[in-house]
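Everything below concerns the one structure shown next.
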Amino acid sequence: STALAQDASRFAFSPIAAQTDFTVHVPEGYEWKTVASWGDPLFSDAPAFDPQTGTTVEGQARASARTPTAWSYFRSTAARSRTTNTPISTSTCRRTTRGAPVSEADVRKIQDAQGVAVFEVAEGENGWEIVVDSPYNRRITHNTPMRLTGPAAGHDLLKTEADPSGTEALGTFNNCGAGRTPWGTCLTCEENFNGYFGSTDAEFERPEGFDRYGIELESGYDYEKFDPRFDISKTPNEPNRAGYVVEIDPSDASSTPVKRTALGRFKHENAEVTLAADNRVVVYLGDDERGEFLYRYVSDDAYVEGGDTSGLLDAGQLYVAKFNEDGSGEWLALTPEATGMDRAMIHIHTRQAASAVGATTMDRPEWVAVNPLRVEAYCALTNNKNRAVKPNAGGDETPVGGPNPRAENNYGQIVRWRPEGEDHAAEGFAWDLYVMAGNPEVQDGAYAGSDNVTPGNMFNSPDGMKFDSQGMLWIQTDGDDSNEGDFAGMGNNQMLVGDPETGEIARFMTGPGGSEVTGATFSSDKKTMFVGIQHPMNFPDPEALPRSSIVAIRRTDGAVIG
Ligand code: FEO
Ligand code: CA
Ligand code: CA
């Protein structure tokens, strides 16, 4: 009966309809509020954000970053009160200004608007707000000093005139998803770093390997015209110092971020950290590009609470996933024997190493999320709109099959795997598709989607994912929000909740038109969920510049949400 079906559902809300407007919607019994937007000052000496013109050159380095993609919520070990003093980090994904820079000052402002913001939020009379001047607040930009560690650190290909050691880099780039470690640090992931580099010499012959990473003579930002560090004809090794996972200690604003080369070099989406059966650290990593791969890192040593964690993301083995047609799969170790490359080169040309062992090309691996209640993991394969065209020279063929079953994949799917022996460090796994997105209203067959896709919950391009403490999977989308043709009825980008046990999926939230909904985390008491609204067209203030924002969602009765 209906009553029984409702009892059986683990959703604590009534699903909402698709929307096409320019604001946020949540179910009845929930409320949302903007917590922070691009340009909000983190320090009282920063100029206030001008709603018409944005930030000043001087102000941007002291203000919130432009486009929050992902953040993690950390209980501070030095918290001054129990639940409210908690640093949040935000990171940025997209380019920041319209038009090209015309001066060195322009370049500096763009560089300062990107990277990571670490700041404290507290819940007061007006809900959650930034704690201006908190000792945790800091900006990490394209020029912040950081260390390079792990197998690639110090290699000749990482040395520059400014850093002959090959171990001291400046800045972190195109920070996409995040991760958090059991020891309380934040991992930020360098995604489309290639776009920052270009050449002022049109005849410059690019070094080997640049093609595979999409590092071209033309950049996306024109930094190279004003900053020789980004000019590959002058500083050809600089791009080799980007494309990594960067570890940040949010509890110490004076700490030096660390680029962990052991986690591989590619267009990192997020870094989902869990523990193996023997407490070794396991990190799942997607490379978000058509036809690239899904990776796993396993540390050599086990994590011990309160023990020395400094080497756990430096000494370990990187693997790449191979999915078989029969629902089995295996992690292929990227070793010198298997790849024919030395250890450092595996961690500089990681994509080439993965090709050498025959990994499975994927439909753009975005976020990985690990179920806290069962030994399994999920990866959003966002879409693959253009299978016939290879993304980058040197990439592998991208045949249809396995977890990538559709030739023209505009909708995306979520693959999940269960490691053998309930151990995230196991060599083998069993996989299936949790959902294949589609449109049952206008499509037939595979393009209508899997059985758990209905006219009431349809969506495209799953991207951000996060499990809550109840073992429910929050799914965020970054896709076509035209609401027309193949996408009719899907409306704006959105956030849904999936039940891993039943496969049921329900729409929880819709974002404002033009935006991507991305990044999710919960307050320590699980009563607030923080969600990112990235690159909106007309939000939060329709009369002013659109600003990427973080919103807080709560139940109006104050009960736990996740
Ligand atoms: Fe920044 Fe692949 O998303
Ligand atoms: Ca993404
Ligand atoms: Ca995306």
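Both ligands and their constituent atoms are indexed starting at 1 by order of listing. Side chains are part of it too, since the values below use all heavy atoms of this structure and drop only hydrogens, waters and symmetry mates.
- Glu366 has its closest N, O or S atom to atom 2 (Fe) of ligand 1 at the position named OE1.
- Tyr221 and Tyr196 have parallel rings, their planes meeting at less than 30° on a 0 to 90° scale where 60° marks the start of perpendicular.
- Legend: residues meeting side-chain hydrogen bond (donor to acceptor under 3.5 Å, both in side chains) with His347, ordered by chain and number and at least two apart, are absent.
- Here Glu191 meets the criterion, with an N, O or S atom under 2.8 Å of atom 1 (Fe) of ligand 1.
- The side chain to side chain contact (heavy atoms under 4.5 Å, CB included) with Glu516 is formed by just one residue from the set Asp478, Ile533, Thr477; it is Asp478.
- Taking the centre of each ring, His268 and Tyr244 stay at or above the 6.0 Å mark.
- With respect to atom 2 (Fe) of ligand 1, Glu269 has OE1 as its nearest N, O or S atom.
- The Ca ion (ligand 3) sits nearest to atom OE2 when only the N, O or S atoms of Glu366 are considered.
- Restricting Asp463 to its N, O or S atoms, the one at the least distance from the Ca ion (ligand 3) is OD2.
- Note on ring orientation: taking the six-membered ring where Trp is involved, the planes of Phe429 and Trp331 are tilted (angle from 30° to 60°).
- Per residue Asp478, closest N, O or S atom to the Ca ion (ligand 3): atom name OD2.
- Residues Phe467 and Tyr378 place their aromatic rings such that the two centres sit under 6.0 Å apart.
- The minimum distance between atom 2 (Fe) of ligand 1 and any N, O or S atom of Asp288 involves atom OD2.
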